[in-house]
Amino acid sequence: MSSTLGTPPVWWQSGAIYQVYPRSFQDSNGDGIGDLQGIRSRLDYLVALGIDAIWISPFFPSPMADFGYDISDYCGVDPIFGTLGDFDRLIADAHERGVRVILDFVPNHTSDRHPWFAESCSGRSSPKRDWYIWRDPAPGGGPPNNWTSNFGGSAWEYDEMSGQYYYHAFLKAQPDLNWRNPQVRAAMMDALRFWLAHGVDGFRVDVIWHLIKDAEFRDNPPNPAYGPGQPDIARFLQVYSTDQPEVLDIIAQMRATLDEHGDKLLIGEIYLPVERLVAYYGPELSGVHLPFNFQLIHAPWNARGLDTLIETYERALPAGAWPNWVLSNHDQRRISTRVGAAQARVAAMLLLTLRGTPTIYYGDELGLEDAHIPPDAAQDPWEKNEPGLGLGRDPARTPMRWTSLPGAGFTEGVPWLPIGGRPEQNVADQMSDPDSMLHLYHRLLKLRRAHEALSLGKYESVVATGDILAYWRRNGEEGLMIVLNLGHKNTPIELGGVFSVLASTHPDSAEEAGPGIFVMRPDEGLLLKPR
Ligand code: NOJ
C-alpha cells in the first residue's frame with residue numbers, strides 16, 4: 001500500500017489536533033454535562049486558538065459505565081450529547097471554518113447492553129455467540145486463564161446460563177469483541193463507513209493494540225517489577241492478551257476502508273515501548289498514520305532524558321512515517337500537575353515545536369490543573385474498582401473553565417464533576433492577559449502555521465548539558481532553534497550567533513539573544529531565529 005505522505009503534506013502532518021472530552025467542554029442545556037451543541041458554540045474559540053482538527057471522545061449511545069467507552073450503538077448519538085442532526089450541524093460548521101473532525105472509534109469492546117452482546121448471551125448456539133470471546137472454565141474450574149482486567153480483578157466473567165466465561169479487558173460491562181470473526185470485522189467496517197458518510201475526517205482508535213488476543217489464550221507471565229500500590233493490571237506482563245502480530249491485518253483493513261474516502265486520518269491509541277509502538281505504522285505504512293506517542297506523558301521531566309527520548313524516537317521511525325506528540329489526555333494526569341505551572345509553559349513550547357503532529361488536551365492551553373475529587377464525588381469506574389491508589393481519571397476530566405463565574409461558563413446547572421483548576425485558569429481572563437498560557441499557545445500555534453521549519457522541517461538535536469534541551473528545526477533555507485531550560489535556575493548558554501526571539505515562555509523577554517554567553521532564566525523556553 002502506498003503512503004499518503006509526501007508533497008504537498010497532508011493536513012494532519014502540518015496541523016495540530018485538539019482533544020475535546022465532550023462531557024466537560026460546554027453544556028448547552030443546563031444538565032451539567034457537555035454536549036455537541038456546546039462544542040459547536042465554541043468552534044470560533046478553537047479557530048482563534050489555531051488548531052486544525054478536533055478529536056471528540058465518544059458521544060455514541062452508551063450506558064456510560066465507562067463514560068462512553070462502552071458503546072451500545074456505533075451509529076448514533078447518545079441523547080445526553082444531542083442528536084445525529086446536532087452532529088451534522090457541528091461537522092458542517094467545523095468544516096466551514098476549516099476545522100476537521102476526528103471521532104473516537106472503540107472497536108475492542110462494546111457495552112454489555114449492545115444488542116450484539118444480548119444476542120451472543122442468548123446461548124451457545126446463538127449466531128452471534130462467536131462475536132465475543134467465550135471460553136470454557138479452566139479444567140479444574142475457574143477462569144480460563146490469568147488475564148487481568150485493566151480496571152482490576154479477573155478479565156473473565158462467568159455466565160451461569162451457558163456455563164462459560166466471557167472476556168473483558170476493561171469493565172465486565174465492556175465485553176471484548178472477537179476480531180478473528182470476519183462478521184465482526186465487516187460490521188465494524190460498516191460503522192466506520194457510516195461516520196465517513198457523515199463527513200468525518202478520521203478516527204482515533206481506542207486500545208488498538210488490544211484487538212487480537214493469543215489464539216491459544218496462554219497465561220500471561222508474572223511481572224517481576226510488580227509491587228504494592230500498583231494496579232492489578234500490573235501483576236502480569238500483557239504478553240498474550242495484547243499486541244499480537246495479526247492485529248496489523250485488521251488495521252490495514254481499517255486503513256483501506258478510510259482510504260476509500262480520501263485523506264482521512266487513522267490514529268491508534270497504543271501504550272507500548274517505542275520499538276513496538278512504531279510497528280503500528282504497519283508494513284509499507286499500511287497501518288495507522290499516527291500511533292499515539294505518549295512518551296512525554298511517562299518520561300521523567302529532565303533535559304538529558306528527553307533529549308535521548310526524542311532522538312531514539314526519531315531514529316525508530318520507519319522511512320516515511322510521520323511522528324506525533326502528546327502531553328496529556330483524559331486518562332492521564334494533566335501536564336501542569338505533573339511538571340508544575342512554570343514547566344508547563346516549557347512543555348507547551350516543546351509540544352508545539354517538535355517534529356510531528358501535536359495533540360493538545362482541552363484545558364491544557366489554560367494551564368488547567370488536576371482537580372481534587374472528594375471520594376464521594378468520584379465518577380471514574382477505575383477509581384471505584386481500585387480506590388485509594390490514585391488511579392482515578394476524574395481529576396483530569398473536569399469542566400473547561402470559560403469564565404471565573406460559578407459554573408465556569410461551562411454550565412448553568414450542576415456540573416457532573418466539580419469545576420477544577422484555579423479560578424484564573426479561565427478563557428475570559430486569559431484572553432485579556434497577553435502573558436497568559438492561552439496567549440502562549442496562540443503565539444506558538446501561529447508561528448507553527450507561519451514557519452514550515454516548525455510544522456514540517458527536520459529535527460536536529462543541539463549538543464547541550466545540564467538542564468538545557470536545544471534543537472534546530474530546519475526546512476530548506478530556514479532554520480529555527482529552540483532552547484528550553486528544564487531547570488529552575490539561571491543557566492548560561494553559549495549561543496553561536498545573534499538570534500531574534502520569536503517566542504518566549506516569559507513576559508518581558510529580550511528581542512535579541514547572543515552572540516556569546518546568554519543567560520536562560522529559570523523555566524524559560526525560547527524560539528530563536530538566526531539574524
Ligand atoms: C482507553 C480510553 O482512553 C479509556 O478512557 C477507556 O477507559 C479505555 N480505553 C476502555 O475503552
Side-chain angles (χ1 to χ4, degrees), residues 17 19-25 34 54-74 78 102-114 117 132-133 147-153 155 157 166-177 179 188 191 203-211 213 231-233 238 241-243 247 267-272 277 280 288 290-294 297-298 324 326-334 359 361-362 370 373 378-386 389 391-398 416-417:
I17 300 171
Q19 182 189 354
V20 172
Y21 193 69
R23 291 183 76 85
S24 293
F25 197 60
I54 52 174
W55 147 36
I56 313 175
S57 290
F59 52 76
F60 317 105
S62 164
M64 302 292 163
D66 188 19
F67 296 111
Y69 285 95
D70 49 319
I71 295 174
S72 53
D73 173 5
Y74 283 94
D78 194 283
I102 299 166
L103 300 196
D104 219 308
F105 184 51
V106 187
N108 180 66
H109 42 267
T110 67
S111 159
D112 61 347
R113 311 265 184 86
H114 196 295
F117 190 64
Y132 292 85
I133 299 175
W147 294 1
T148 310
S149 158
N150 281 264
F151 291 146
E157 183 69 14
Y166 71 84
Y167 177 67
H168 57 91
F170 294 88
L171 298 173
K172 69 178 183 196
Q174 293 168 296
D176 279 42
L177 283 164
W179 272 85
M188 295 304 275
F203 299 90
R204 169 270 191 192
V205 186
D206 193 65
V207 295
I208 203 167
W209 84 111
H210 273 258
L211 291 183
K213 303 40 159 145
D232 258 6
I233 188 65
Q238 310 297 301
S241 47
T242 65
D243 193 26
V247 74
I267 305 175
E269 186 206 20
I270 302 159
Y271 287 93
L272 285 175
L277 178 69
Y280 284 76
V288 292
L290 303 177
F292 257 152
N293 170 14
F294 297 129
I297 292 179
H298 300 297
N324 77 94
V326 182
L327 287 177
S328 309
N329 64 37
H330 64 292
D331 295 327
Q332 307 291 339
R333 292 162 68 219
R334 282 186 180 272
T359 300
Y361 184 48
Y362 85 96
D370 281 4
I373 307 291
Q379 302 276 350
D380 180 20
W382 197 9
E383 174 65 29
K384 292 182 182 173
N385 280 0
E386 297 189 84
L389 297 180
L391 301 171
R393 299 166 296 174
D394 296 326
R397 295 177 174 181
T398 56
W416 76 287
L417 277 176

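Note that ligands are numbered from 1 as they come in the structure, with each ligand's atoms numbered from 1 the same way. Given the structure is predicted, the values throughout are model-derived calculations rather than measurements.
Considering only non-hydrogen protein atoms, atom 10 (C) of ligand 1 sits nearest to Asp66 OD2, 3.5 Å. Among protein heavy atoms, the minimum distance from atom 9 (N) of ligand 1 is reached at Asp206 OD1, 2.9 Å. Among protein heavy atoms, atom 3 (O) of ligand 1 sits closest to Asp331 OD2, 2.5 Å.
Residues Ser241 and Tyr167 meet the side-chain proximity criterion, which asks for heavy atoms closer than 4.5 Å. In this structure, the side chains of Tyr69 and Val207 stay at 4.5 Å or more apart for every pair of heavy atoms.
For the atom pair CH2 of Trp382 and CZ of Phe170, the computed distance is 9.0 Å after rounding to the nearest 0.5 Å.
Between the Arg204 side chain and the Ile267 main chain, no donor and acceptor come within less than 3.5 Å of each other.
Contact annotation: for Arg397 versus ligand 1, heavy atoms closer than 4.0 Å belong to the side chain alone. In Phe151, the part holding a heavy atom less than 4.0 Å from any atom of ligand 1 is the side chain. Contact annotation: for Arg204 versus ligand 1, heavy atoms closer than 4.0 Å belong to the side chain alone.
Under the 4.0 Å criterion applied to side-chain N and carboxylate O atoms, Arg393 and Asp66 are assigned as salt-bridge partners.
Close approach to Arg393 involves these atoms of ligand 1, each under 4.0 Å from a residue heavy atom: 4 (C), 5 (O), 6 (C), 7 (O). Proximity to Val207 (heavy-atom distance under 4.0 Å) selects the following atoms of ligand 1: 1 (C), 9 (N).
Ring planes of Tyr271 and His298: perpendicular class, angle over 60° (limits at 30 and 60°).
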